[in-house]
Amino acid sequence: MIPGATYIFECPNCGKPIQRGSMMSGNTFGASIYSDGKTMAPMLPDFPEITKCPDCKTIFWLSILEAKERIKTMDFSNPMLQKAPRANFLTLNEYFEALENGIAKNRNEELYIRKQICRLFNDPLRQNKWFRKPESKDIRREENLKILLELLDVSNINDRIMAAEIKRNLGEFDECIELINGIEDERFNCLKEQFIKACTKKNRRVMLLKHL
């Protein structure tokens, strides 16, 4: 893993600086890949596309802003590294706030936010902190899954896998199997087997995928 440059942005509302790192190179060695698409890779950290200003609390897209400064890797003497706080990922409630405020201006932006919401709802399971049955009703979770499903393009393999995962999460196991069986690429046979096995067991929970 080789860290890349640090980029300094300005909040579009108050102008306060905020920093986001980058990667020059990384790998997925030792990564954990889950059925909802989340990848946890020690050697390939993720960085937020959208964040909240720690000063004025405005939520904004980093991905569409032009960086005001690029700080070279390991340039620890640059004063902006101490002045500008790091951009954080949004919390679950902040992602919902972003949607309510209409920050998603197109399909891709809404997809990003709703996938993040989906994965945040699943994080307690990943951390072994799931205190209730996944079948318990959570209106926001189910509504998000259903809207996310409508945004997906099942002609795209990655979207098709996500659609199958949503169907499984909602307990629609036959529909999940139909979607996953529609993938003809043999490279996905192991994944298909895991999805079908989970459906046979009526398992609605996010899964740690094996041998991918």
Side-chain angles (χ1 to χ4, degrees), residues 4 6-23 33-41 44-68 84-127 134 137-172 175-176 179 204-206:
T6 298
Y7 294 89
I8 305 298
F9 300 89
E10 288 182 357
C11 170
N13 183 56
C14 70
K16 293 295 179 65
I18 192 166
Q19 63 172 288
R20 184 179 70 173
S22 67
M23 290 296 297
I33 303 173
Y34 292 87
S35 53
D36 61 358
K38 183 166 185 173
T39 299
M40 299 173 68
L44 193 63
D46 197 11
F47 300 96
E49 299 291 324
I50 185 174
T51 193
K52 188 173 189 176
C53 177
D55 284 86
C56 70
K57 310 306 178 185
T58 297
I59 295 174
F60 60 95
W61 289 99
L62 285 166
S63 57
I64 64 174
L65 293 181
E66 182 178 349
K68 298 299 181 180
R86 289 186 179 275
N88 293 318
F89 285 93
L90 299 182
T91 65
L92 182 64
N93 286 334
E94 287 168 347
Y95 279 118
F96 277 114
E97 179 186 344
L99 288 173
E100 290 168 5
N101 291 343
I103 198 169
K105 302 301 184 184
N106 55 55
R107 173 182 173 272
N108 286 337
E109 290 180 351
E110 186 170 357
L111 272 172
Y112 176 85
I113 292 175
R114 291 197 180 278
K115 285 180 180 180
Q116 293 295 98
I117 289 172
C118 171
R119 292 161 187 166
L120 279 171
F121 271 119
N122 287 331
D123 279 348
L125 250 181
R126 277 182 270 267
Q127 301 159 6
K137 293 292 183 182
D138 190 313
I139 295 174
R140 292 195 307 171
R141 177 176 182 268
E142 287 205 3
E143 285 183 349
N144 182 68
L145 287 173
K146 290 175 181 177
I147 295 172
L148 176 54
L149 183 62
E150 293 175 358
L151 292 169
L152 297 171
D153 175 9
V154 295
S155 66
N156 175 283
I157 289 182
N158 289 327
D159 276 13
R160 192 177 191 89
I161 293 169
M162 191 70 199
E165 173 70 354
I166 292 172
K167 288 292 187 179
R168 191 176 65 85
N169 296 158
L170 295 172
E172 299 174 9
E175 290 88 342
C176 173
L179 281 165
R204 293 172 57 176
R205 297 186 175 194
V206 66

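Here, residue 1 is the first one in the sequence, and each next residue gets the next number.
In this structure, Cys118 and Leu145 have side chains that are in contact, with non-hydrogen atoms separated by less than 4.5 Å. With contacts defined as side-chain heavy-atom distances shorter than 4.5 Å, the pair Lys146/Leu170 qualifies. Counting only heavy atoms from C-beta outward, the side chains of Ile50 and Ile59 approach each other to under 4.5 Å. With a 4.5 Å cut-off on side-chain heavy atoms, Tyr112 and Trp61 count as touching. With contacts defined as side-chain heavy-atom distances shorter than 4.5 Å, the pair Arg141/Ile117 does not qualify. Residues Glu97 and Lys52 have side chains in contact (heavy-atom distance under 4.5 Å, counting atoms from C-beta outward). A 4.5 Å side-chain heavy-atom check between Phe60 and Leu65 finds at least one atom pair inside the cut-off. Residues Met23 and Pro45 form a side-chain contact, since some pair of their non-hydrogen atoms from C-beta on lies under 4.5 Å apart.
Taken from CG in Leu149 to CD1 in Ile166, the straight-line distance is 5.0 Å, to the nearest 0.5 Å. Interatomic distance, Ile8 CD1 to Lys68 NZ, rounded to the nearest 0.5 Å: 12.5 Å. Going from atom OG of Ser63 over to atom CZ of Phe47 covers 14.5 Å, rounded to the nearest 0.5 Å. Taken to the nearest 0.5 Å, the NZ atom of Lys115 stands 6.5 Å off from the CE atom of Met162. The line from CG of Asn108 to CD1 of Ile113 is 11.5 Å long, rounded to the nearest 0.5 Å. Within the model, atoms NZ of Lys57 and SG of Cys14 stand 10.0 Å from one another, a figure rounded to the nearest 0.5 Å.
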Evaluate side chain to side chain donor-acceptor pair (under 3.5 Å) for Ser35 paired with Glu165, printing each intermediate quantity in order.
CA-CA 7 Å; Ser35 53; Glu165 173 70 354; 2.8 Å; yes
Distance-only check: which donor-acceptor pairs under 3.5 Å involve side-chain atoms of residues 88-96, not counting sequence neighbours?
| unit_1 | atom_1 | unit_2 | atom_2 | d |
| --- | --- | --- | --- | --- |
| Thr91 | OG1 | Glu94 | N | 3.2 |
| Thr91 | OG1 | Glu94 | OE1 | 3.4 |
| Asn93 | OD1 | Arg140 | NH1 | 3.0 |
| Asn93 | OD1 | Arg140 | NH2 | 3.3 |
| Glu94 | OE1 | Thr91 | N | 2.9 |
| Tyr95 | OH | Gln116 | NE2 | 3.2 |

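A salt bridge links Arg126 with Asp36: the closest approach of a Lys/Arg side-chain nitrogen to an acidic carboxylate oxygen falls below 4.0 angstrom. Salt bridge absent: Asp153 and Arg160 never bring a charged side-chain N and a carboxylate O closer than 4.0 Å. Between Glu172 and Lys167, at least one side-chain N (NZ, or NE/NH1/NH2) sits under 4.0 Å from a carboxylate O, which counts as a salt bridge.
Within a 6.0 Å sphere centred on CZ of Arg107, other residues, nucleotides and ligands contribute more than 12 heavy atoms.
Of all heavy-atom pairs spanning Arg204 and Arg168, the tightest one is CG-O, 3.3 Å. Taking each heavy atom of Arg119 and Lys38 in turn, the nearest pair found is NE-N, 3.7 Å. In terms of heavy atoms, Pro48 sits closest to Ala87 at CG-O, 3.6 Å.
Remark: the backbone N or O of Asn13 is not paired with any side-chain donor or acceptor of Lys16 at under 3.5 angstrom. Checked by atom type and distance alone, the side chain of Gln19 never pairs as donor or acceptor with a backbone atom of Pro85 at under 3.5 Å.
Contacts of Arg114 classified as side-chain hydrogen bond (donor to acceptor under 3.5 Å, both in side chains), with partners at least two apart in sequence or in another chain: Glu110, Asn144.
No option in Ile161, Leu179, Asp159 other than Leu179 meets the side-chain contact (heavy atoms from CB on, under 4.5 Å) test with Val154.
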